[in-house]
Each structure stands twice: as C-alpha cells, then as structure tokens.
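See below for the structure under consideration.
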Amino acid sequence: MDTMRISGVSSGAESLIQCNALSSLVGRRCDNGRWRRTRMFPARSRTWRLSPKKTLFPSVKAVSSEPKEKVADVVIDSEQEAFSSLSPFGPDAASVASSIKYHSEFTPLFSPEKFELPKAFFATAQSVRDALIINWNATYEYYNRVNPKQAYYLSMEFLQGRALSNAVGNLGLTGAYADTLKSLGFDLESVASQEPDPALGNGGLGRLASCFLDSMATLNYPAWGYGLRYKYGLFKQRITKDGQEEAAEDWLELSNPWEIVRNDVSYPVKFYGKVVSGSDGKKQWIGGEDIVAVAYDVPIPGYKTKTTINLRLWSTKAPSADFDLSSYNSGKHTEAAQALFNAEKICYVLYPGDESNEGKALRLKQQYTLCSASLQDIIARFETRSGGSVNWEEFPEKVAVQMNDTHPTLCIPELMRILMDLKGLSWEDAWKITQRTVAYTNHTVLPEALEKWSLDLMGKLLPRHVEIIETIDEELVSTIVSEYGTEDPDLLKEKLKAMRILENVELPSAFADVIVKPKKKTVTAKNTEESKEDAQTVVKKEQEEEVEVIPEPTVKLPKMVRMANLAVVGGHAVNGVAEIHSEIVKKDVFNEFVKLWPDKFQNKTNGVTPRRWISFCNPYLSDIITNWIGTEDWVLNTEKLAELRKFADDEALQSEWRAAKKKNKLKVVSLIKERTGYTVNPDAMFDIQIKRIHEYKRQLLNILGIVYRYKKMKEMSASEREKAFVPRVCIFGGKAFATYLQAKRIVKFITDVGSTINNDPEIGDLLKVIFVPDYNVSVAELLIPASELSQHISTAGMEASGTSNMKFSMNGCILIGTLDGANVEIREEVGEENFFLFGAKADEIVNLRKERAEGKFVPDPIFEEVKQYVRSGVFGSNYDELIGSLEGNEGFGRADYFLVGKDFPSYVECQEKVDEAYRDQKRWTRMSILNTAGSFKFSSDRTIHEYAKDIWNIKQVELP
C-alpha cells in the first residue's frame with residue numbers, strides 16, 4: 001500500500017490522506033470467493049514523501065491582537081502535482097464499486113453487518129468526495145502559485161440542496177455511479193434521496209448564493225464563498241390542524257460527508273470589552289468575551305472543468321480552558337459550561353428570533369462572526385501569497401469582497417479595524433483600501449430588510465466598531481455639507497436625515513452649528529398710544545395662548561445604525577438584482593446617494609444555474625432539448641436554448657414535451673401522497689406557488705382566488721362546473737418565519753381551505769389544494785419540472801427579482817404574475833403572449849395607497865363576496881385578523897397595504913384566461929416550449945460574468 005509521511009498537521013493533511021485513499025483504492029472486490037484490492041483510477045505506483053518544494057495549503061496566521069500558534073506546513077513533492085492533474089472523469093464501474101466498498105468498511109459511520117440505503121449514501125458520497133478533493137487541491141495549489149485576484153462572496157445563507165447528484169453530474173460521473181450502484185442492488189436516485197438538505201438557508205437569498213458558487217466554479221473564476229454552519233438550520237416545518245409548527249433541523253445528526261473540518265484554520269472573535277489607546281496612539285480592543293471560529297470546508301465542483309472552489313463555513317466554540325471544572329464539581333453544571341454554550345449557540349440557528357434583546361444580540365454576533373473570521377482568513381491568505389513583502393495598497397488588486405445583502409456590512413468597520421489597529425495603516429489608507437475592496441448587493445426595498453441596529457447594543461457588543469462607524473458618519477456629514485452648503489438649512493437637514501449612517505443621533509461636534517435655525521422676528525413698538533395698545537393686545541394674546549398650550553410629551557427616538565447606508569458609503573459598487581428593482585433602488589431607496597455618487601450604482605439581474613435547475617433535476621426535458629438542438633452545449637451556453645423556437649409548432653416535439661411533463665407530474669403525485677396523504681390527478685393542471693410565506697408575496701391573493709373558484713363551482717351543477725373549469729391541483733410550499741404571525745395565519749388558512757375542498761365529494765378531482773410541508777431545494781427539484789402554471793404575484797415594486805420564476809420558466813412552466821422583479825424581463829424574453837399578466841404597476845402603488853388612506857378605494861363586489869364566504873365559516877373560524885388586514889383605511893395591520901383587494905378582480909379575470917389557454921393543449925405546449933427557449937438570459941453564468949467584469953475585476957483562471 002502506498003505510504004505518506006507528514007511532519008505536522010495542516011489543512012492539507014486530511015486532503016492528502018483522502019487523495020491517498022483514492023489513488024491506492026483500497027476497496028475490495030470478491031473474485032472466486034476471495035477479496036482483493038483494486039484501483040479506482042489505474043495509476044502507476046508511487047510513494048508520498050515530504051519535500052520542501054511546495055505547500056498545498058500554506059499555514060495561516062490569525063489576524064488578531066492575540067498571538068496564535070503557528071502550524072507547520074504540509075509540503076509535498078512534484079508527484080503530488082502530477083497526481084492532482086489526473087482527470088477524475090470516466091472511471092469504470094468496477095473501480096467505482098471498489099471505492100464505495102472501501103468507504104463502507106474503512107470510513108464507517110454504521111455497523112458492518114448491513115449495507116442498506118443510508119450506509120450506501122455515505123459510502124457513495126465519500127467516494128465522490130475523493131474525486132472532488134483531487135481537483136479541489138489542484139485548484140488551490142494553482143491559485144497559490146499564480147496568485148490571481150480572488151472574489152469572496154459573503155452570505156448569511158447558502159441554500160445548496162443535495163450535493164450527490166450535482167457532484168457526479170458536474171464531474172461527468174453520473175453514468176459510472178448509476179451503473180455501479182445498480183450492480184450493488186441500488187439505484188442512484190434512491191441513494192441520493194437519503195441525503196438531507198443542508199439547512200443553511202431559507203429562501204431566494206441562499207439559493208442565489210449557491211447558484212453563484214456553481215457558476216463561479218464552472219466558469220473558472222477564482223472565488224470562495226463564506227457563510228456560517230448552522231447546526232439546527234432555520235427550522236423543520238410541520239403542518240398540523242393548528243397550522244405551522246417548528247422543530248429543529250437534524251441535517252447534521254448523521255454528520256455531513258461533504259465537509260472537511262480544518263482544525264488548524266481557526267480565528268479568535270471578540271465581543272464586548274473596551275477600547276484603550278496605547279502610548280503610540282494606536283487603539284486596542286481588549287477584555288470582553290472571546291470565542292473561536294473554526295473552518296468547515298465544502299468543495300464546489302464546476303461543470304466539466306477541473307476547477308473546484310470552496311465554500312468555507314464557520315462554526316463557533318470556546319476553548320476547553322473556558323469550561324469551569326471547579327464549578328462543575330461543586331454541582332453548578334450549567335454555570336460551568338456557560339462560556340461554551342455562549343460560543344456554540346452563535347451557530348445554532350439561522351435567523352434566531354429577535355423580539356428580545358438577547359435575540360438581537362445573538363443575530364449581531366452571528367453577523368460579526370461571519371465578517372471577522374472571513375476577513376481574518378482572507379487577509380492571512382493575502383499575506384501568505386504576498387510572500388515576504390506585503391504591500392497593502394495591492395490588497396484591492398488581489399481581493400474583492402461581495403456582501404450579499406446587508407448582513408455582512410460589518411465587513412466595512414472590521415476591515416478598517418484590522419488594517420489600522422493590527423496592521424498599522426493610517427485612517428486615510430485603510431479607508432481607500434476598504435472602499436476599493438468591498439461591494440454591496442441590495443436584495444430588497446422592504447424597510448425591515450434594510451437593517452438597522454441599536455447603537456447602544458452595538459456599542460456594548462462591538463465598541464471599537466462603533467468608534468469607526470462614528471468616524472465614517474462624520475466624514476459623510478462633511479461630504480454632504482461640502483456638496484450642498486449651508487445656505488439652505490432645510491435642504492441640508494433633509495439630505496442629512498436621508499443619508500447619515502447614524503439615525504436620531506446629534507451631529508458631530510464639528511458640525512453642530514451648520515444647520516442654523518432662523519431667528520425669531522422682533523417687533524419694535526412705535527412711540528404712540530396706538531402702538532402701546534397693540535403691544536398690550538399682543539401680550540394679552542400671548543398670555544392667553546400660553547395658558548391654553550399643553551406641551552406635547554417628548555418622544556425620544558432610539559439611536560440606530562443604518563446598515564444599508566453604511567454599505568453604500570463603504571463600498572465601491574452597489575447593485576440591484578433586476579432592472580426594475582435597480583431603478584427603484586436608484587429612484588427611491590438610495591436616491592440621495594445616487595445624486596452624490598451616480599457611478600456606484602449598477603444592475604445585475606439574477607440568474608440560476610442550468611446544471612441543477614434543468615439538466616440534473618429534469619433529465620426527461622434535458623434529453624429532449626439536447627436531441628432537438630443537436631448538442632448538449634446548451635448546459636454551458638444557454639443561448640442555444642433559443643434554437644427551440646423554430647420547433648415550437650412541431651407536433652413531434654410537442655408530443656415529447658407533454659410526455660416529459662407527465663412523467664415529472666407522476667413523481668409529484670407520489671410526493672404529495674407521501675407527504676400529505678392526498679391523492680391527486682396527474683392529468684389536472686399543476687398550479688404551483690412555492691416561496692417564503694410573506695404578505696408581499698401574496699399567497700393570500702392566491703388562496704382567495706381558489707376560494708372564489710370553489711364558491712363558483714359549488715353554485716353550479718356537475719356538468720356546468722366541468723364545462724366552466726379546467727381541473728387543477730393548486731400546490732403551495734414555503735415557510736413562515738416563526739414569529740411572523742400573519743404569515744402563519746396564511747399557512748393555517750391555506751391548509752384549512754385545502755382540508756375542506758379536498759374532502760368535498762362534489763368537487764372531486766376538479767380542484768385540489770395541497771400544502772407541501774417543509775419545502776426545500778429537494779422538493780423544488782421535483783415540483784418545478786412538473787409545474788404547468790406558476791404564480792409570481794407579489795405587489796408590484798416589492799419583489800427585488802425572484803429566482804424561482806427563472807427556474808419555472810426554464811422548465812417550460814408558464815407564469816402568471818405582476819410586473820415585478822425579474823417578471824418584467826422574463827416576459828420580455830419569452831414573449832408577452834406567453835406570460836399571464838395582471839395587477840397594478842409599480843409606479844401606481846404609492847397613489848393607490850394614498851387613495852386608500854383617504855377613503856376613496858371602493859372594493860370590487862367579487863372581493864366582498866369572497867371575504868363574506870370566508871366569514872361564513874365554511875372553512876372554519878378565527879380568520880378575523882387575516883381578513884381584517886384587508887379592511888379599513890389606516891392603521892397597523894390594516895388597510896390592505898399589499899393591495900390584495902385592488903388586484904383581486906384583475907387576478908380572477910387573468911385566471912379565466914389561463915383556463916381558456918390550457919384547454920388548447922397545442923397552444924399551451926407551444927407557450928411552454930417558448931418559455932424554455934426564452935429563458936436563456938437567466939443563467940447565473942451570465943450574471944457571474946457581469947459581476948466579474950463590472951464589479952470584481954477578476955479574470956478566469958483555467959487549470960493546466
């Protein structure tokens with residue numbers, strides 16, 4: 001057996017061991033009753049030995065005010081380079097079988113007696129990981145050698161989905177692994193289904209980030225992702241008679257076969273404490289609470305390329321020394337482990353409830369941990385690659401940091417802190433470097449998502465960062481005053497109110513007098529009796545007024561830090577994620593900043609990876625596309641999908657297209673039966689809305705439309721309703737945030753309506769309402785290929801982009817929606833006649849809300865009819881809060897802020913057009929084909945090319 005000698009422990013050590021396991025292939029195969037060793041990739045015998053020539057993962061130094069033990073480098077000889085360059089593509093089934101058998105025995109997580117599906121999944125995943133590690137190591141050895149500029153994508157969410165099918169697909173090994181598993185008594189799909197979805201995200205933010213990583217690797221861009229390793233995820237959703245219930249995710253309960261813990265890559269992260277100045281004037285942050293962030297790495301393979309990039313997730317812990325053994329032995333067990341719990345809980349749950357001060361502090365700790373650990377790691381890599389001479393002016397030439405929404409905005413003061421306090425740079429130099437390095441993607445126009453943090457909380461938790469933020473705010477004030485002058489105090493006050501980072505905070509002392517209040521006019525009395533009488537009258541009136549005036553109570557507004565404003569000020573680029581969204585960002589959200597720095601603002605319309613979202617999740621459709629286009633190059637060059645347009649009316653293609661859709665629908669029939677117990681008709685139209693549950697996404701509009709449809713059906717005879725309505729299965733999926741009561745009421749209402757309709761024998765298969773519990777990426781990979789109509793019906797101007805609309809369109813689903821987010825561009829690309837449009841436009845929304853507040857809105861009779869039907873009790877009771885939110889003209893939780901009532905008649909009318917189109921299956925199939933053909937623009941490959949060129953300034957680096 002090959003041997004390897006290592007003189008130290010490094011992040012490369014485990015990788016080398018894994019490579020060794022693959023190269024020597026140490027699986028066993030039974031021939032004539034005897035087991036013998038075999039190889040996965042036939043290769044000449046070689047011996048691993050240490051050499052001072054190369055380092056695979058150079059040692060990393062903690063960027064901290066506190067010393068950290070240096071780790072010895074793992075060095076390898078030139079034979080490692082030769083081995084790394086071996087292609088992992090195309091091994092024979094016997095070699096793959098040997099690898100799987102090896103891992104089932106020598107990387108065990110289960111007892112040896114049985115080889116069942118869970119064990120088969122882990123052994124298969126570990127076998128695939130071996131192949132990934134070869135390219136993973138080669139990628140970063142090469143990057144370390146050529147030292148390109150590298151992009152780092154920081155996100156609180158990465159909603160990856162299952163990795164096995166994606167990995168073997170990108171590696172080109174699907175056939176080999178399918179054949180091997182078949183010979184072992186399994187099928188690849190069943191084995192892959194054993195993998196739990198990584199609980200690292202919730203909605204579109206995380207799915208987008210994951211698509212971006214896939215495209216970065218596929219396009220050979222040097223890049224990494226950084227996130228947090230949430231032990232219990234957001235939550236596992238259960239649907240009961242009372243609606244949604246939450247339980248902890250268990251995705252790590254059996255471990256994660258894809259991740260590698262880098263015990264030698266860890267960084268200290270500090271909270272609380274105080275700031276002191278040294279004799280040299282430098283600031284130092286001392287004391288407080290210290291934790292450790294440890295790296296867990298997940299390989300991200302590109303499609304048909306050696307490039308395999310990294311998703312580095314941070315897990316938090318406290319050193320063993322913080323366990324109070326004395327307290328434990330005295331019986332104070334909880335107190336003894338308090339420091340350990342305080343550290344570990346940072347990475348327990350995604351978006352912990354923040355109603356309490358403790359919850360707010362925990363969220364802020366999460367965000368700072370992501371920023372601090374990631375920047376320390378990035379800086380350590382920059383220093384290592386710089387060799388003996390570090391030139392900090394070159395930092396922005398080698399590093400691009402992208403903040404995915406406002407969550408990582410603390411990158412700005414943290415980078416400033418490290419550069420000034422630990423690296424000795426001046427404020428001016430550190431600020432120039434920071435601004436040239438960092439960029440910000442805005443994902444929302446919702447006020448609650450443009451984060452604000454309590455200045456008092458941040459001051460306690462991150463005292464040094466508040467000092468830095470206060471200085472940035474002061475420099476911003478100076479810029480605003482210089483730009484607009486002091487001649488018009490009202491204008492200046494308006495600009496400062498809109499643009500300052502600190503809200504409800506007095507102006508810095510240097511600018512305390514810039515807004516001069518107008519002096520009161522003094523009346524000079526004339527020297528006449530008349531003048532005296534006038535003066536006396538004035539005094540008398542003033543005295544009367546003084547008696548009558550009751551002073552208003554003073555409301556002290558909380559001092560806040562506006563993170564979105566900080567992100568705009570501290571970065572060199574700000575982008576929206578759809579054309580209409582970027583225009584709203586420029587015209588409304590950040591209009592004052594656009595006037596000051598117009599060149600900062602860009603649009604980067606979102607995209608999704610065609611590998612996961614067509615090729616792998618919809619093999620039936622993928623084969624059809626490849627056969628009719630004549631090449632599978634469309635998986636990389638989605639522009640080729642447009643060639644389907646010339647075949648849209650071809651009866652042979654239409655027949656194949658419908659057959660593929662039917663196969664996918666049958667899979668969903670099984671899913672629905674398994675998850676809900678309901679049986680649905682695969683010949684009915686599958687009408688799907690799968691999104692995070694939120695009022696602006698208007699699942700309430702959808703379900704009220706279904707209620708209206710049901711009411712009309714009940715008013716008809718059986719023959720009338722069959723003639724009037726197309727059979728539909730209306731499918732919902734999505735999670736309501738645990739403390740978002742109105743969203744949870746919507747979930748309860750949907751399930752109550754479903755329970756009534758699905759058990760109504762008069763309606764039968766003509767209408768079914770299904771809520772699929774615990775919606776995630778794997779569920780989406782089944783629902784989207786089976787979809788025929790998909791609802792993207794948010795209030796116009798409130799959805800930044802959406803990405804599920806792109807996935808549905810790619811899979812030949814026809815959209816019904818408003819002119820919101822990426823819907824606008826999708827409609828342009830697929831053709832107006834292939835998109836069902838309804839509802840108010842974004843530029844009408846403000847006036848419509850104003851009319852409502854003034855009492856001028858008159859609801860349509862059919863909207864009043866459907867509300868009354870709900871109140872009749874046919875679906876149960878206790879919907880007063882839900883229906884009440886659609887009524888009244890003002891007040892919190894009232895006045896139909898999201899315009900459900902306004903758009904309801906238009907929505908119902910549009911749904912009638914849907915029924916009409918679906919009856920003509922030739923027309924419908926043509927629309928479906930043209931949706932796929934027109935979706936080529938919405939590949940995340942296109943988006944990443946734009947980020948790389950316009951924001952990150954990075955080049956593609958293809959491995960030799």
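Owing to the predicted nature of the structure, the values given are computational and were not obtained by experimental measurement.
The shortest side-chain heavy-atom distance between D588 and V445 does not fall under the 4.5 Å cut-off. At a threshold of 4.5 Å between non-hydrogen side-chain atoms, the residues N310 and I300 do not count as touching. A 4.5 Å side-chain heavy-atom check between L154 and C411 finds at least one atom pair inside the cut-off. The shortest distance between side-chain heavy atoms of F341 and Y348 falls below 4.5 Å.
For the side-chain hydrogen bond (donor to acceptor under 3.5 Å, both in side chains) test, no residue two or more places apart in sequence or in another chain qualifies with K274. The side chain to side chain contact (heavy atoms under 4.5 Å, CB included) search around S478 returns S482, F511, not counting sequence neighbours. Residues passing the side-chain hydrogen bond (donor to acceptor under 3.5 Å, both in side chains) test with N603, sequence neighbours excluded: S582, T605. Residues passing the side-chain hydrogen bond (donor to acceptor under 3.5 Å, both in side chains) test with E592, sequence neighbours excluded: K495. Residues passing the side-chain hydrogen bond (donor to acceptor under 3.5 Å, both in side chains) test with S315, sequence neighbours excluded: none.
Looking at every heavy atom in both residues, D941 comes nearest to S215 through OD1-OG, 2.6 Å. Minimum heavy-atom separation, A800 to T444: CB-N, 4.2 Å. Closest non-hydrogen pair, S155 versus A209, comes out as OG-CB, 4.0 Å. Contact detail for V390 and S386: the closest heavy-atom pair is CG2-CB, 4.0 Å. What you find for T369 and A293 is that their closest heavy atoms are CG2-CB, 4.4 Å. Minimum heavy-atom separation, L208 to H443: CD2-CE1, 3.3 Å.
The backbone N or O of P396 sits less than 3.5 Å from a side-chain atom of K149, completing a donor-acceptor pair. With R417 contributing its side chain and R464 its backbone, the two residues share no donor-acceptor pair below 3.5 Å. In terms of modelled atom types and a separation under 3.5 Å, the side chain of S940 and the main chain of T943 share no donor-acceptor contact. Side chain of K282 to main chain of S277: no donor-acceptor pair is present (N/O by atom type, distance under 3.5 Å, no hydrogens or angles). With hydrogens and angles ignored, the 3.5 Å screen pairs a side-chain donor or acceptor of Q366 with a backbone N or O of I346. Between the side chain of K452 and the backbone N or O of M560, no donor-acceptor pair lies under 3.5 Å. A donor-acceptor pair under 3.5 Å is formed between the side chain of E157 and the backbone N or O of G203. Panel note: side chain T739, backbone G353; no donor-acceptor pair is recorded below 3.5 Å. Judged by distance alone, with hydrogens and angles left aside, the side-chain atoms of D820 form a donor-acceptor pair with the main-chain N or O of M798 at under 3.5 Å. Listed for the N391 side chain is a donor-acceptor partner under 3.5 Å among the backbone atoms of E393.
Between E289 and K365, at least one side-chain nitrogen of the basic residue sits less than 4.0 Å from a carboxylate oxygen of the acidic one, meeting the salt-bridge criterion. Taking a cutoff of 4.0 Å between a charged side-chain nitrogen and a carboxylate oxygen, E383 and K423 qualify as a salt bridge. Salt-bridge formation is not detected for the pair D421/K283: no Lys NZ or Arg NE/NH1/NH2 atom is positioned less than 4.0 Å from an Asp or Glu carboxylate oxygen.
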**OP:** Using the salt bridge (charged side-chain N to carboxylate O under 4.0 Å, His left out) rule, take E946 and R942 through it: C-alpha gap first, then chi angles, then the decisive distance, then the call.
**Re:** CA-CA 6 Å; E946 292 176 2; R942 185 262 315 151; 3.4 Å; yes
**OP:** For the pair Q602 and K604, evaluate side chain to side chain donor-acceptor pair (under 3.5 Å) and give the outcome as yes or no after the intermediate values.
**Re:** CA-CA 7 Å; Q602 308 181 19; K604 296 287 173 281; 2.7 Å; yes
**OP:** Walk me through it: do K360 and E355 pass the test salt bridge (charged side-chain N to carboxylate O under 4.0 Å, His left out)?
**Re:** CA-CA 7 Å; K360 289 181 175 67; E355 299 294 312; over 6 Å; no
Original post:
Going through the checks in order, is the salt bridge (charged side-chain N to carboxylate O under 4.0 Å, His left out) test met by R363 and D354?
Top reply: CA-CA 7 Å; R363 280 211 190 187; D354 60 354; 3.8 Å; yes
Subject >> Verdict with supporting geometry, V349 and Y230, side chain to side chain contact (heavy atoms under 4.5 Å, CB included) >> reply: CA-CA 6 Å; V349 174; Y230 304 106; over 6 Å; no
Subject >> side chain to side chain contact (heavy atoms under 4.5 Å, CB included) between Q160 and L311, worked out >> reply: CA-CA 10 Å; Q160 292 289 96; L311 171 58; 4.2 Å; yes
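Side-chain contact check for Y368 and E414: at least one donor-acceptor pair (N or O, by modelled atom type) lies under 3.5 Å. With no hydrogens or angles considered, a side-chain donor-acceptor pair links Y696 and E799 at under 3.5 Å. No donor-acceptor contact under 3.5 angstrom links the side chains of W285 and Y272, judged on distance only. For W314 and S374, the side-chain atoms include at least one donor-acceptor pair closer than 3.5 Å. A donor-acceptor pair shorter than 3.5 Å can be found between the side chains of Y267 and D377. With no hydrogens or angles considered, a side-chain donor-acceptor pair links S372 and Q376 at under 3.5 Å.
Cation-pi geometry between R381 and W224 is met: the NZ or CZ atom falls under 6.0 Å from the ring centre, inside 45° of the normal. Relative to the ring axis of Y296, R229 places its NZ or CZ within 45° and under 6.0 Å from the centre. By the 6.0 Å and 45° rule, R262 stacks over the aromatic ring of W136.
Counting non-hydrogen atoms of neighbouring residues, nucleotides and ligands closer than 6.0 angstrom, the NZ atom of K345 exceeds 12 such neighbours.
The NE2 atom of H407 lies 12.0 Å from the CG atom of L364; values are rounded to the nearest 0.5 Å. Rounded to the nearest 0.5 angstrom, N606 CG and H581 NE2 are separated by 9.5 Å. Summarising the geometry, atom NZ belonging to K595 is positioned 6.0 Å from atom OH belonging to Y484; distances are rounded to the nearest 0.5 Å. Put simply, CD on Q956 and CG on N220 are 6.5 Å apart, with the number rounded to the nearest 0.5 Å. The structure places OH of Y153 at 6.5 Å from CE of M216, a figure rounded to the nearest 0.5 Å. To the nearest 0.5 angstrom, M403 atom CE is 4.5 Å from T409 atom OG1.
Using a 30° and 60° split on the angle between ring planes, W392 and F382 fall in the tilted class, from 30° to 60°. Ring planes of F590 and F601: tilted class, angle from 30 to 60°.
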Could you give the side-chain donor-acceptor pairs of residues 563-575 under 3.5 Å, partners two or more places apart or in another chain?
unit_1, atom_1, unit_2, atom_2, d
N565, ND2, A498, O, 3.3
N565, ND2, M499, O, 3.2
N565, ND2, R500, O, 3.0
N575, OD1, T441, OG1, 2.9
N575, ND2, Y947, OH, 2.9

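For H945 and Y221, the ring centers sit closer than 6.0 Å to each other.
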